[in-house]
Amino acid sequence: MRTVAIVPAAGSGNRMNRGVSKQYLTLAGKPLLVHTLEVFEASAFVDAILVVAPSQDLEFIRSTILTPWNLKKVCGIIPGGMERQDSVRAGIEALSPETELVVIHDAVRPFITEGLIGSCVRAAAEEGAATVGVPVKDTVKEVGPEGRILRTCDRSLLWLTQTPQAFRRDLIESAHRAAVRDGYRGTDDTSLVERLGIAVRMIRGDYGNIKITTPEDLVIAEALLAASRQAKG
Ligand code: CTP
Ligand code: MG
C-alpha cells in the first residue's frame, strides 16, 4: 500500500527556550530533523515524506536540511499552522490521490526505529489505526486546582502515547474533518479518531523514543545517542 509519512516540524519550541526552533538544534553534529528524517528515508514501509515546516523556513529546509543530507524521499515541504493539529491537517490536505496509508511522526522524536515504524504501519494496514506507546512507570494522580490529590489512577491500564501514529488515509481524513466541524482540539492524532468511536491499536514501543521538549531532554538525548553508538561498536 502506498504510504506517506507526515512529519510535523512547524513548532517554535517555546518550552526549549533556545531562540531557535528545536527541530534545527544539532545532536552529535546533525540537526534533530535530519536524525528523524533519516529513519523514514531508510524505512521500506514508507514511500514518500511530507515535511510540515514554519512558513518562513521552506527554502531554508530545502537548502540546509534536505539537499546536504541527501534526503530523497521528501516529496514536499508544506507550510504549517498555529497548532500541531493544524500542521498535521495541512500535511493531510497535501497528500497525493494515490496515498493509502499515512504515518504521522513528530520531527523532534529522533530515536524512532525502522522496526517501530514497520510495526505501526502494518497494524494500521490491518486494523485502520495504530499508535506507538509505553506503559507508565510512575503512579499517576489526578490533582485538583487547589493542589490536592483527587484520585489515584489504575496504573495497569495507563500508557503514554508517542508517535508514530499510522492510519488508513480515509480514516484520518474524516477524523480531521470532524475535528474541524466540531471545534475539537486534541494533542495527538489518535484522539481525533477515537472520538469517532473507532478502536485504535496500541503498539508497545520504546522508552527511548523520547520527544525533545525541554532542555534536560537534550542531555538525555546525548546519553541515548552515546549508548547506541557504543552498542553498535
Ligand atoms: N508542531 C507543528 N506545528 C505546530 C506546533 C508543533 O508542526 N504549530 C510540531 C513540532 O515541530 C514538533 C511536534 O509538532 O515536531 C511536537 O510538538 P511540540 O513538542 O509541542 O513542539 P513545539 O510546539 O515546537 O514546542 P513548544 O510546544 O514547547 O512550543
Ligand atoms: Mg507545542
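Values below: every heavy atom of this structure, side chains too, minus hydrogens, waters and symmetry copies. Residues take their numbers from the sequence shown, with the count starting at 1. Order of appearance sets the numbers: ligands from 1, and atoms from 1 within every ligand.
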Please state which protein non-hydrogen atom is closest to atom 29 (O) of ligand 1 and give its distance, to 0.1 Å? Asn14 N, 2.7 Å
Lys/Arg N to Asp/Glu carboxylate O, Glu38 vs Lys30, below 4.0 Å: yes
of all protein heavy atoms, closest to atom 15 (O) of ligand 1 is Pro8 O, 2.8 Å
Ion pair check, Lys22 and Asp217, cut-off under 4.0 Å: no
Any N/O of Gly81 closer than 3.5 Å to an N/O of ligand 1? yes
Ignoring hydrogens and geometry beyond distance, is a side-chain donor-acceptor pair present between Thr161 and Thr131 at under 3.5 Å? yes
Please list the nearest protein heavy atom to atom 13 (C) of ligand 1 with its residue and the distance rounded to 0.1 Å. Asp106 OD1, 3.4 Å
Just to check, does Lys22 reach to within less than 4.0 Å of ligand 1 when the distance is taken from its heavy atoms? yes
Of all the non-hydrogen atoms in the protein, which one sits nearest to atom 7 (O) of ligand 1, and at what distance? Ala10 N, 2.8 Å
Nearest heavy-atom pair of Asn209 and Thr163: which atoms, and what distance? ND2-O, 2.8 Å
Contact summary for Val132 and Gly205, nearest pair of heavy atoms: CG1-CA, 3.6 Å
What atoms of ligand 1 come within less than 4.0 Å of a heavy atom belonging to Ala107? 15 (O)
Is there a side-chain contact between Phe111 and Val39 in this structure, where contact means two heavy atoms from C-beta onward sitting under 4.5 Å apart? no
May I ask you to identify the nearest protein heavy atom to atom 24 (O) of ligand 1, giving residue, atom name and distance to one decimal place in Å? Gly13 N, 2.8 Å
According to the interplanar angle, ranging from 0 to 90°, do the rings of His105 and Phe40 count as parallel (below 30°), tilted (30 to 60°) or perpendicular (above 60°)? tilted
How far is atom 14 (O) of ligand 1 from the closest protein heavy atom, and which atom is that? Arg84 CG, 3.5 Å
Say whether Val51 and Ile117 are linked into one hydrophobic cluster, either directly or through other cluster members, by side-chain heavy-atom distances under 4.5 angstrom. yes
For atom 27 (O) of ligand 1, which protein heavy atom lies nearest, and how many Å away is it? Arg15 NH2, 3.0 Å
Identity and distance of the protein heavy atom lying nearest atom 19 (O) of ligand 1: Lys211 NZ, 2.6 Å
Over all atoms of both residues, closest heavy-atom pair of Ala178 and Leu196: CB-CD2, 3.8 Å
Any N or O of Met82 that comes nearer than 3.5 Å to an N or O of ligand 1? yes
Residue-ligand contact Val108/ligand 1, heavy atom below 4.0 Å: yes
Can you sort out which atoms of ligand 1 are near Ser87, meaning under 4.0 Å from one of its heavy atoms? 2 (C), 3 (N), 4 (C), 7 (O), 8 (N)
Relative to atom 6 (C) of ligand 1, which among Gly11, Ala53, Ala9 owns the nearest non-hydrogen atom? Gly11
At a 4.0 Å cut-off, with the gap strictly under it, does some heavy atom of Ser12 reach an atom of ligand 1? yes
Run Asp188 and Arg84 through salt bridge (Lys or Arg N to Asp or Glu O under 4.0 Å) and show every step you take. CA-CA 8 Å; Asp188 77 337; Arg84 183 187 183 280; over 6 Å; no
